[in-house]
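Take a look at this one; I'll ask things after.
Just so it is clear: chains get the letters A, B, ... in the order the sequence lines come, proteins before strands, and each one is counted from 1.
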Amino acid sequence: MGGAFSQLVMLGSSGMLVTALIVLWRKGVPAYITAYRWQSWLLAALTATVGYYGDGQLYWVAGLLLGLKGVAIPALLRTMQRRFGTEREAAPYVNTEVSLLIASVLVVFAYLLGRPWMAVTQLPTRQGLPLAMSVLFVSLFIIVSRKKAITQVIGFLMLENAIALLAVVGTFGVPFLVEFGVFLDALMGFLVMQIFIYHIHDTFDTLDVDALARLRH
Amino acid sequence: MAFGTVALLVMAAGYTLGAVLSLVARSDRAARVLTAVGAVVGGAGGLAAAVSVLATRVSVDAVLPTVVSAAGGIVIRLDPLGAFFLALITAVSLPAAVYGTTYMAEYDGRCSLRVFGLMFNAFLLGMSVVPCAANIFTFVMAWELMAVSSYFLVMTESEHSETRQAGLWYAAMTHLGLVLLLPMFFLIAAGHEATAFVDLRAYGATLTAGTRTAVFLLALTAFGSKAGIVPLHVWLPRAHPAAPSHVSALMSGVMIKLGIYGLIRVLFDLLGGGPAWWGGVLLAVGSVSALLGVLYALVEHDLKRLLAYHSVENIGIILIGLGAGSLLHSVGLRALAVIGWTGALFHTLNHACFKGLLFLGAGSVKQQTHTGNMEELGGLITRMPQTALYFLVGSAAIAALPPLNGFASEWLVFQSLLAGAHISRPEIAAGFPIAVGMLALTSGLAAACFVKAFGISFLAMPRSDHAAQARECHWSMRAMMLVLAGGCVVLGLAAPWVARGMSRIIDGVPGLSAGEPIPPSSSLWLTVPNSSAQVSPLLLAVLLGAITVAVLGAIHAGGLRVRRADTWGCGRISQTPRMEYTASAFAEPLRRVFAEVYQPTQDLSINMHPESRYFIQSITYTSHVVPWFEQVFYDPVIRTARGLAAQTRRLQAGSLHLYLLYVVAALVAALACAWWFQ
Amino acid sequence: MSLILAVLLAPPLGASSLAILVRPYQRFVGWVSTIGVALSLAASIALCTTVMGAGPQQEAVPATALWRVDALSALLALCVTFVALVAMLLGRRAGHPDREELARTRYFWIFTNAFVFTMLIAVTIQNVALMWVAIEATTITSAMVIPLTRTKASVEASWKYLLICSVGIALAFAGTVLAYFDFVATAGEVPGALNWTVLRGAAPSLHPALLQLAFAFLLIGYGTKAGLAPMHTWLPDAHAEAPSLVSALMSGVLLAVAMYAIGRWKAVVDAAVDSSFTNRLLMGFGVVSVVIGTFSLVIQRHYKRMLAYSSVEHMGLVSIGLALGPLGAFAALLHTMNHAVAKSLSFLAAGRILHRYDTTEIGKVTGLLRVMPWTGALFAIGILALVGLPPFGLFVSEFLLVRAAVVTGRFWVAGLVLVLLLTAFTSLVHHLNRMLYGEPPPAVTIGERRGWSVTVLAVSVGVLIVLGVTLPRPVAALITQSVRGVIP
Amino acid sequence: MSRYAVLVVQPLVALGLAPGLVGFVRWLKARLQSRRGAPPWQPYFEIRKLFGKEAVVSHTASWIFRATPFVVFGTSVVVASLVPLILVPASPLVAGDVFAAVYLLLLGTFFLALAGLDTGSPFGGMGASREMTVVALTEPTVALSIVALALSAGSTNFSQIVARTIAEPAAALGPGHLLAFIALFVVTLAETGRLPVDNPSTHLELTMIHEAMVLEYSGPYLALIEWGSALKLLVFLALAANLFIPWGLAFALAPGALAIGLASAIVKLGALAATIAVLETRVAKLRLFRVPELLSASFVLALLAVMSTFLVR
């Protein structure tokens, strides 16, 4: 039982890492949205499998994950993307090759960081921990390096996914009340960011964050 | 309760009431009167407390532990040393307060006299509590209250931009004092819970040599910045002229003395004296301050700024006395050391007296002529005879001319320097003659400076119509100047009696006392133990008086005929004020002699007549003396601060990505630190 | 206990929901929220007295108890409600009705009350993860208020604030999960595991290496919210652009709530491994914050940004205080309280100045004492309190902070802090001079009535002086007891 | 009682001798320049003549102008009573020591400078400014030469110094004493306005220092000031003579000792006056900004004198 379960978990979390890398690799916002949708679906599936092996409450969590992050948020992202019609990502600070290189360095760093944890826990899903950390660092890198406001929002959402993954893999899911609170925050955070993107578009008529550099010193 | 405690309560109540009532006064005039009433009542209380302690030599204790008990609460203890300084404060603050009521009349409507009243009484309260403070928190609280309220007093005429500049310099330097005061006290009380001075004395004895040196250096800088020793005196010539005159009299005459009080209390009372080099440093700093103070006073042409520089000089003289005393004490010649300390304390009292008088005189001149620049004054002796007389008494006293009080205390300081001859170790004794040379040069230059100050401002013909229309000031102002002038004369003539009182106070402080009982000294002669040098100011005054009366009688008996005529001018028709000697001309020879010290900047511009090259239209020559140590010490500090600030501003460059990069960098740093310290 | 807690938390929630339901009568909503916050203040004072008397208050069943109020949280609740009351009394004027303005005021009241509500939850909740949720909610609610004026600057400031703080808070949640992961790995699934009392109890058995890693994440996360350098970059923009009522709340107490979270986690980590690690990190970030905060003050052109940078500096001092043992913690908590009152006073006065001069440039604001004598005087008192002059509270806390540094033998910290305080003092007094004195600009109307708001600000000045001159015994006892919440 | 009498008589004798001393210097200078010159007792006639004349006072002058002559004359007489001319006053009645004497003379110069400024004429101002510069620069030298004497004697009291030098004649010939004597002699030239610092017999106002300040005085006031300055010259020479070569001073009140004292005083003062006269014929007036170099040279001499007393001891 343990082997297949941990294999599945490994598969799921590495899948999420791959979707994060897609954002670094591709250049179009629609591609980022699909990457994010895939990542949320994988996370929901992973939570369900852990629920199957762990306690049953995680099914509800998986369902909530699927509904909110798998369907609702990508749809809102889609409408926003279509409305602002921003096809191509402006030239990011770091070109694709270098970003992927940095991503690999970050993954190695996550593994280095995760090494002491392996000794600590006997959970079958412990293989997923370093992966969760690497997804976290990669999404941080996305937020820092990409110029479009929408891409930064997607980076932030992927960061939320990474932490949810960490929770699921590390502790078989935090208590339900906390899970519900985190969902609420993620949703409200996203909604507020969406409102702000409309604000930015109205006042700056560009979503390029470099324009937001008037407040200095 | 003991009389002393009641008096202290009256003092505190007087000042607080004065502050509150003047804040809520209806009219400007009422505010002025209430300020003075509060100050006088408080001052009287303080004086009574001080005199009772000095007379009975029994300290007065009062504790308000409930207040801010976490930081140690308010603890008051007035011992003889503190009482002497409290007496000095109240002796000058009473006349200054009364003088201020009429002097501030010209500020009616121009600035808020209510706030001025509040700050004036708060300033006096802060100053009076400092000598009574008996634990760290009370001392530092009173110290800062004094600094804050005096900052607002300096800022009363805030419409002038140089007053604002002066205010900023003053605030920064006094805060530097506080910033050094805290670590000094905490170093002494290191590790122990109790912060009362009684415990600090016990801890002081057990400090290691390194900590004692650190405490000495911190104390010298902290109290030096308040007293105005040379590198730290830059605020003094800026802040004192900016404040109203009776406030600068208090600041210059009394507030800087609390720096001296702090030095004595920390170095000699809490730490109980130190190694010989402490005295050497005090002596060196004192001599340099004295000399540079008087040198810069010489080339100064604003009356109040000149007096401010002289405060630096006199603080230098006091430090010479302290330095000589502590050097002799550390070498073991304790009886001789008492002369040095007596001279220093006596000069502190004298300086408070004549500096207060001079500033009040300058205030009257400024009130009548609306200018402090000596080049525009002149001929005031005929228009303001009494102010001129009191200013003359003050000038003679500060130039240490017998039989006034300045001479007595400087004579004692000279004798303490001469006592250096008895020191066996040549490397210590060698410093004393150099100090004698510098002190003598300082007193010579001081005499020259005050001839200029009095001569140019008061004598001959008025150089501007302001000076010409000057009238004698209000009688109350003149009465207060008379009180202080009388003080100078009485302190001068009764010098031996006052010196005996001083040595009894010094005996009270463990770090200073000579151990054996004080030898009885006559009340007519100032004497020096185991040396028959003696001087009697009273006898000198009597001899001078007798001779003058005799000669006057002889001349008038022979029928003195006096005829008024024009001043002789080599056949010139009329004598105009433009022909008189000016202040800059008077100081020019000395400026040329000490050119290396002044580093004067000179620029000469000759512009030719437009039509032809051969005719000169005008020649303008300007020369300024800018104190070089401001360039050497203070400009680099300000430049580095602004440079660092420019760098930090670039940190906030506006780009969101950069900010996020900072967060990630901080995360990596923290994780590395966690990983490193596993 | 739960009744008092209900009275504490209900009013802001009620007022916020009222603002949502009632569209037109915004002035009425303003009055309701002010009275509500006054009720909460009374409740927090009651909480303080009960906590002082009977020790930490907890719900009936400890394991599943959601709320826990000990001295530290009561102290923070007191600060939050006091500053909120003062701010709302001042901010009430914002509710004058015109159509487009009406929508903006409605948002204003909804999110300000929500902001106060989330802060109160953050300090009274026991569950560490839910505390994270509450602090994340404070970011969201306060971020909504900033762009109400819809200028380019405020939109930019709000976007930066939201993004940096959300990233920071996400890292904090990662830290929380790590700690929980460590706890689950050793003690297994225990109900109520995320309550910090349980965590603190189980701390000695946890793995030190993992906890240190978790604390690194937590310090960066909550440090971003607390404005510790180098994560402080959002602070000057957000505080300068937000309406003065909200920036008073944010600068005064939101930073304090974030420091409260760091304090709670420091107690847990110190119980597991000795306090040297956390002290080293806190000291490092504290010193960097004071350095950056002070040197940003030297050349500064806008007075609201000046006040923001001074918050960075003061939070650095609090962080240094937390790293200096029990006496240092006492100084840090007293400093948080004093700073909350003084900073909110200064920001509210700055708001009134902005309202009259309509510019945030220090250079353009001259002759303040003549134009608005009362507000000018209050603004000056606020600034002088912030630089640590005696009659005000901050002097006592800085006095104790330096004493703690010397007692614990860290002389270089004491020396560095004192030099930086001197630099900050000189630059703030310099800027204050430029504003208070001189000729008032022609376009500005001279004169000011001694109105309602001036008396309110005078009350907070009175509080500052009481804290400074006669630190009352109950307050000192409350702080000493709350020090036990931070130092194990 | 007799001790008090001596205390009064000694200044009177000094007063009597002073004009004669100045007259002797002028007469000897004239003879050295092969001129007949006025007889040495000419100044007595001048003073008597001036007392008879009327005093002309400028319109702008204040009471200070009229008080200064009495202050100058008074301080010189008091200093004369302190300095041992004929008899060393052993009584404790002495009103001051060497420092008191120096500062009394400073009081006199202070008021003289003020009087110079009072009349408002540029010459008075110039004289006052230069006089105060010279006095300020001579103060350290005077102080240090006193220190040199006091170091060996252990006190600044005149009688103690004289007794000490008589007790150990060898010390009188030591380097310290010699250097201090030369330094004090240079200071005497500067303080009393002799060449090379100031030319007493000049008529060009721009070159005067001492004379410029007293330009405006006439009648009895001028007499008092002239007499006071002459007495000041005598006091300085007596100081130089009796502190460094004290032999011949009377210690007891016996008439014989007093006669010897008077004789030795006259001889010593005459010798010093002669040296001044010879010096003034040989040397020209220094430019004002070269005077500080001369005074700093004398300061260095005094400093060496003090240092040598350390090394010798």
Regarding C:S158 and C:E241, is there a side-chain donor-to-acceptor distance under 3.5 Å anywhere? no
Nearest heavy-atom neighbours spanning A:M193 and C:L162: CG-CD2, 3.5 Å
Proximal component of A:A132, with respect to chain C [non-hydrogen, under 4.5 Å]: neither
Looking at C:K160 and C:E156, is any side-chain nitrogen of the basic one under 4.0 Å from a carboxylate oxygen of the acidic one? yes
Given that the side chain runs from C-beta out, which part of C:V184 has a heavy atom under 4.5 Å from chain A: side chain, backbone, both or neither? side chain
Interface residue of largest heavy-atom contact number with chain C, from A:L140, A:L184, A:V182, A:I195, under 4.5 Å: A:V182
Is C:A157 close to chain A through its backbone or its side chain, or both, or neither, when contacts mean heavy atoms under 4.5 Å? both
Under a 4.5 Å heavy-atom cut-off, does chain C meet the side chain of A:L159, its backbone, both or neither? side chain
Okay, side chain of C:W265, backbone of C:G175: is any donor-acceptor separation there less than 3.5 Å? no
Below 4.5 Å, heavy-atom pairs only: which of C:D182, C:T176, C:V177 has the largest tally toward chain A? C:V177
Heavy atoms only, distances under 4.5 angstrom: which of A:F156, A:F196, A:F204 has the most pairs with chain C? Name it, please. A:F196
I'd like to know if the side chain of C:H239 pairs up with that of C:S247 as donor and acceptor (distance under 3.5 Å, no hydrogens or angles considered). no
A:M158 and its side chain to side chain contact (heavy atoms under 4.5 Å, CB included) partner, picked from A:I143, A:L136, A:V23, A:V153: A:V23
List in chain and number order the residues that pass salt bridge (Lys or Arg N to Asp or Glu O under 4.0 Å) with A:E160, two or more places apart in sequence or in another chain; answer none if no residue qualifies. none
Name the option with the most non-hydrogen atom pairs under 4.5 Å to chain A; the candidates are C:T139, C:T186, C:D237. C:D237
Measuring heavy-atom distances to chain A, does C:P236 have an atom under 4.5 Å in its side chain, in its backbone, in both, or in neither? neither
Under 4.5 Å to a heavy atom of chain A? For C:Y309 that would be side chain
